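We use all heavy atoms of the structure for the numbers below, so side chains are in, but hydrogens, waters and symmetry mates are not. This structure is a prediction, so every number in the text was calculated from the model and none was measured.
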Amino acid sequence: MKSKWFSLGCLTAVIIIIILIFTTVISFGSLGKRFQKPLPERITESSWLKLDLSGRIIDYNEFEDNPLTGSFSAKTTSVHNIVHKINKAAQDDRIIGILLEPKFISCGYANLHEIMNALEDFKTTGKEIHAYVDLGLNKDYFLSTVANKIHLNPSASAGVLLTGVGGGMLFYKEMLDKIGVEFNVIHAGKYKGAGETFSCNELSAPVRKNLDGLFSSIYDSILLEIAKNREIEISNIVRVYEKREELFVNQETALDYNLIDELTFKEDLYKELGISKKRVVSLSKYDTPKFKTSNTNIAVVYAQGGIVMQSQGLEAVNITASKLNAILDKIERDNEIKGVVIRVNSPGGSALVSEIIHAKIKKLREIKPVVISMGNVAASGGYYISAESDYIFADPYTITGSIGVVAMLMNISKMTDKIGINEEDISKGKFTNAMSIYSKLDEATIQSMRLSIQSTYLEFKQRVSDGRDLSLTEVETIAQGQVWSADDALQNNLIDEVGIISDAITKAAELSDIDEFTIEYFPKKKNFIEEFLKDKLDVDLAETILSNQVKEDRGVLKAWQLFKSIKNDPLQAVMPFDLEN
């Protein structure tokens, strides 16, 4: 009998193993299909390029083919890719226009502004852009205003939702108090609000005032841009945003407000423009030529995401010193690269990593001119790594500044007391338990952390003082964790000019004293599967996939990312909020 059951058990195990192997092969086969680059479409004369933009749009995607940007996670594309294809289409005689169909775009306004500039350049060739909206949110409509005409689905359930500009933080103190978790937050700069998410139940008065001024500046810029693009009085746009009765603006109301030009179904629009299916070229299948390098190049380096000690997975967008500095080392040694543009899009993070990157940029600047191009946000650590440069451009919609430092130390001693867990330490040395989450911080530890914070803050201000040729007194006036719009940053001498990445490239060439050049982009494009297999084949990928099955709340996600960052690196130069709308 035992033999029979043993045999059956072995057979079952073999079957399970076979099923697992088969499932794995099928899964990787499915992933493999994702790695296959879409074949370029055959383009006929008088074709239209279709920009059906949706989901997440980042500055730059270093992976050529990423299978995690499909059913596993939100669709991800890059401004770099979109702008290059728009520029090519402008010069392509086979393309006579662009069909712009945005839906639920998720990105910063600076990213949108880069795309809008490319579309404006496209129109200067005499080619037209037609935007079609079924259901548009703030950023969908904002992008659509660059079109020659905006067409809206005439259905009562279609429309445009214009809510304005906002951003915020979630506060966890009350919940943490209830479960017995305490965060000790120490900050340098009265406007440095990053730790308030764990230590307060609401925004402090200085932080609220600073953010209100920032959002007002960005809000005014957006409304002015819409008014200009749609040729509407600014007072009428303000009335739409602040006085209208309906939540969704649809049908005749949208026409009355001059937000759109025509109510029509998409099929009828295509007929009106004489567009057949074979004359529509999708963005993903519209090929762009490979850029050849010459003996004279300008390097464009994308530094995007939080500044962290080590990378947090292949799909994570973040900045590490090991990765970025290796790129800058290579650029430093390359005699064909004459100038450098660093595109910074970061809310900051580790103060130590920011200092390490800053030192590398300073060294590179001694050999080649370095120009900074700021994206959606270049604040706190993002500004730290920008300060040591020859020239700084900020997009009109950039958020920058936040010169300050915060430290967060957690202890769960009250919670462990409640549930009956007791820790007993045997320690030698004054600060043995300083980083222990089980021990309540003593005054000596808190005081020592204050000293570290002040020292790091002074170093941060000194870097800004040296890089921007300001006195420490002048830096302190504009520091203290305050965040600034691009216009305010210009007035405060935190930047040199308001402009986009192409302006930064032109400036780098000017400072390098070259007229003709090609652009070399970094990080270099990589194949996702090769990078994945080279890195590691373990649970990290499963974690990445599973975590992307659910649409996470951005506030919770940001708090979780901040918590992960401070676990081993409590000194942070990080901005506390996202611009959500």
J.: When you measure from the side chain of Ser354 to the backbone N and O of Tyr384, does any donor-acceptor pair fall under 3.5 Å?
T.: no
J.: Is there a donor-acceptor pair closer than 3.5 Å between any side-chain N or O of Asp466 and the backbone N or O of Arg463?
T.: no
J.: For a quick check under 3.5 Å, do Ser204 and Glu196 share a side-chain donor-acceptor pair by atom type?
T.: yes
J.: Using the ring-ring contact (aromatic ring centres under 6.0 Å, His included) criterion, which residues pair with His187? Sequence neighbours excluded.
T.: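 Listed in chain order: nothing, the list is empty.
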J.: The test is side-chain hydrogen bond (donor to acceptor under 3.5 Å, both in side chains); show your working for Tyr397 and Glu114 and say whether it passes.
T.: CA-CA 10 Å; Tyr397 298 97; Glu114 287 282 348; over 6 Å; no
J.: Do Asp59 and Gln304 have a side chain donor and acceptor closer than 3.5 Å?
T.: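 No - no donor-acceptor pair under 3.5 Å links their side chains.
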J.: Quick one: are His358 and Ser386 in side-chain contact, heavy atoms under 4.5 Å?
T.: no
J.: Where do Gly180 and Lys418 come nearest, in terms of heavy atoms and distance?
T.: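 Taking Gly180 first and Lys418 second, the nearest heavy atoms are N-NZ, 4.0 Å.
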J.: Mind listing the closest non-hydrogen atom pair of Arg56 and Val317 along with its distance?
T.: NH2-CG2, 3.5 Å
J.: For the pair Thr197 (side chain) and Leu170 (backbone), establish whether a donor and an acceptor sit closer than 3.5 Å, ignoring hydrogens and angles.
T.: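 Present.
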J.: For a quick test of reading the model, state the closest non-hydrogen atom pair linking Pro347 to Gly305 and the distance between them.
T.: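 That closest heavy-atom pairing would be CD-O, 3.9 Å.
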J.: Going by an N to O cut-off under 4.0 Å, is there a salt bridge joining Lys507 and Asp503?
T.: no
J.: Would you list the atom pairs, donor with acceptor, under 3.5 Å between side chains in residues 481-489 and any protein atom, with sequence neighbours excluded?
T.:
from: Gln482; atom 1: NE2; to: Thr477; atom 2: O; distance (Å): 3.0
from: Gln482; atom 1: NE2; to: Ala479; atom 2: O; distance (Å): 3.0
from: Trp484; atom 1: NE1; to: Ile478; atom 2: O; distance (Å): 3.1
from: Ser485; atom 1: OG; to: Ser217; atom 2: OG; distance (Å): 3.0
from: Ser485; atom 1: OG; to: Asp488; atom 2: N; distance (Å): 3.4
from: Ser485; atom 1: OG; to: Asp488; atom 2: OD2; distance (Å): 3.3

J.: Answer yes or no: is there a side-chain heavy-atom contact under 4.5 Å between Met374 and Ile372?
T.: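 Heavy-atom side-chain distance check passes, below 4.5 Å.
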J.: State, yes or no, whether a side-chain contact exists between Arg468 and Val475 at a heavy-atom distance under 4.5 Å.
T.: no
J.: Holding to side-chain contact (heavy atoms from CB on, under 4.5 Å), I want the full list of residues that pass it with Arg365, two or more places apart in sequence or in another chain.
T.: Val370, Glu388, Asp390
J.: Would you mind reporting whether Asn325 and Ile356 have side-chain heavy atoms less than 4.5 Å apart?
T.: yes
J.: State, to 0.1 Å, how close Ser346 and Gly348 come at their nearest heavy-atom pair, and which atoms those are.
T.: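 Here Ser346 and Gly348 meet closest at OG-N, 3.0 Å.
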J.: Within the side chain of Thr320, is there an N or O that forms a donor-acceptor pair under 3.5 Å with the backbone of Met309?
T.: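 No.
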J.: Contact between Leu135 and Phe248 at the side-chain level, heavy atoms closer than 4.5 Å - yes or no?
T.: yes
J.: When you measure from the centre of the six-membered ring of Tyr241, is the NZ or CZ of Lys243 closer than 6.0 Å and no more than 45° off the axis?
T.: no
J.: Please check: side-chain N/O of Ser78 versus main-chain N/O of Asn81, any donor-acceptor pairing under 3.5 Å?
T.: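 Judged by distance alone, yes, a pair lies under 3.5 Å.
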J.: Is the closest side-chain donor-acceptor distance between Tyr391 and Glu497 under 3.5 Å?
T.: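 The answer is yes; a qualifying pair exists.
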J.: Go through Glu474 and Ser471 one step at a time and tell me if the side-chain hydrogen bond (donor to acceptor under 3.5 Å, both in side chains) criterion holds.
T.: CA-CA 5 Å; Glu474 290 173 313; Ser471 70; 3.3 Å; yes
J.: So, does Ser465 use its side chain to make a donor-acceptor pair with the main chain of Lys461 at under 3.5 Å?
T.: no
J.: Minimum heavy-atom separation for Ala118 to Val83, with atom names?
T.: CB-CG1, 4.0 Å
J.: What's the verdict on side-chain contact (heavy atoms from CB on, under 4.5 Å) for Tyr457 and Gln480, showing C-alpha distance, side-chain angles and the deciding distance?
T.: CA-CA 9 Å; Tyr457 181 45; Gln480 303 180 58; 3.8 Å; yes
J.: Keeping the roles fixed (side chain from Thr400, backbone from Ala378), state whether a donor-acceptor pair exists under 3.5 Å.
T.: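 Confirmed, Thr400 side chain pairs with Ala378 backbone.
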J.: Determine the minimum heavy-atom distance between Val133 and Gly159, stating which atoms define it.
T.: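 Where Val133 meets Gly159 most closely, the heavy atoms are CG1-O, 4.2 Å.
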J.: Under 3.5 Å, is there a donor-acceptor pair between the side chain of Arg239 and the main chain of Glu242?
T.: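 It does not hold such a pair.
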J.: Angle class for the Tyr109/Phe142 ring planes (parallel below 30°, perpendicular above 60°, tilted otherwise)?
T.: perpendicular
J.: Looking at Asp395 and Ile500, would you say the former's side chain and the latter's main chain have a donor-acceptor pair under 3.5 Å?
T.: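 No; zero donor-acceptor contacts below 3.5 Å.
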J.: Without hydrogens or angle criteria, can the side chains of Thr145 and Asn229 be said to hold a donor-acceptor pair below 3.5 Å?
T.: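 Thr145 vs Asn229: donor-acceptor pair found between side chains.
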J.: Do side-chain atoms of Asn376 reach the backbone of Asn345 as a donor and acceptor pair under 3.5 angstrom?
T.: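 Not confirmed, Asn376 side chain does not pair with Asn345 backbone.
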J.: According to the interplanar angle, ranging from 0 to 90°, do the rings of Tyr60 and Tyr521 count as parallel (below 30°), tilted (30 to 60°) or perpendicular (above 60°)?
T.: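 The rings of Tyr60 and Tyr521 lie parallel, inter-plane angle below 30°.
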J.: With sequence neighbours excluded, tell me which residues meet ring-ring contact (aromatic ring centres under 6.0 Å, His included) with Tyr257.
T.: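 So Tyr257 forms no ring-ring contact (aromatic ring centres under 6.0 Å, His included) with any residue.
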J.: With sequence neighbours left out, write down each residue that passes ring-ring contact (aromatic ring centres under 6.0 Å, His included) with Phe522, or none if nothing qualifies.
T.: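 Testing Phe522 for ring-ring contact (aromatic ring centres under 6.0 Å, His included), a comparison that skips the adjacent residues, returns none.
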J.: Check whether the side chains of Ser373 and Arg343 place a donor and an acceptor atom closer than 3.5 Å, and report yes or no.
T.: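 Result is yes, a qualifying pair exists.
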J.: With side-chain contact (heavy atoms from CB on, under 4.5 Å) as the test, would you mind laying out the steps for Ile361 and Ile342 before giving the verdict?
T.: CA-CA 10 Å; Ile361 293 174; Ile342 302 178; 3.8 Å; yes
J.: Taking side chain to side chain donor-acceptor pair (under 3.5 Å) as the definition, give me every residue that meets it alongside Gln454, ordered by chain and number, with sequence neighbours left out.
T.: none
J.: Please lay out, stage by stage, how Asp212 and Arg208 fare under the test salt bridge (Lys or Arg N to Asp or Glu O under 4.0 Å).
T.: CA-CA 6 Å; Asp212 185 69; Arg208 179 180 292 279; over 6 Å; no
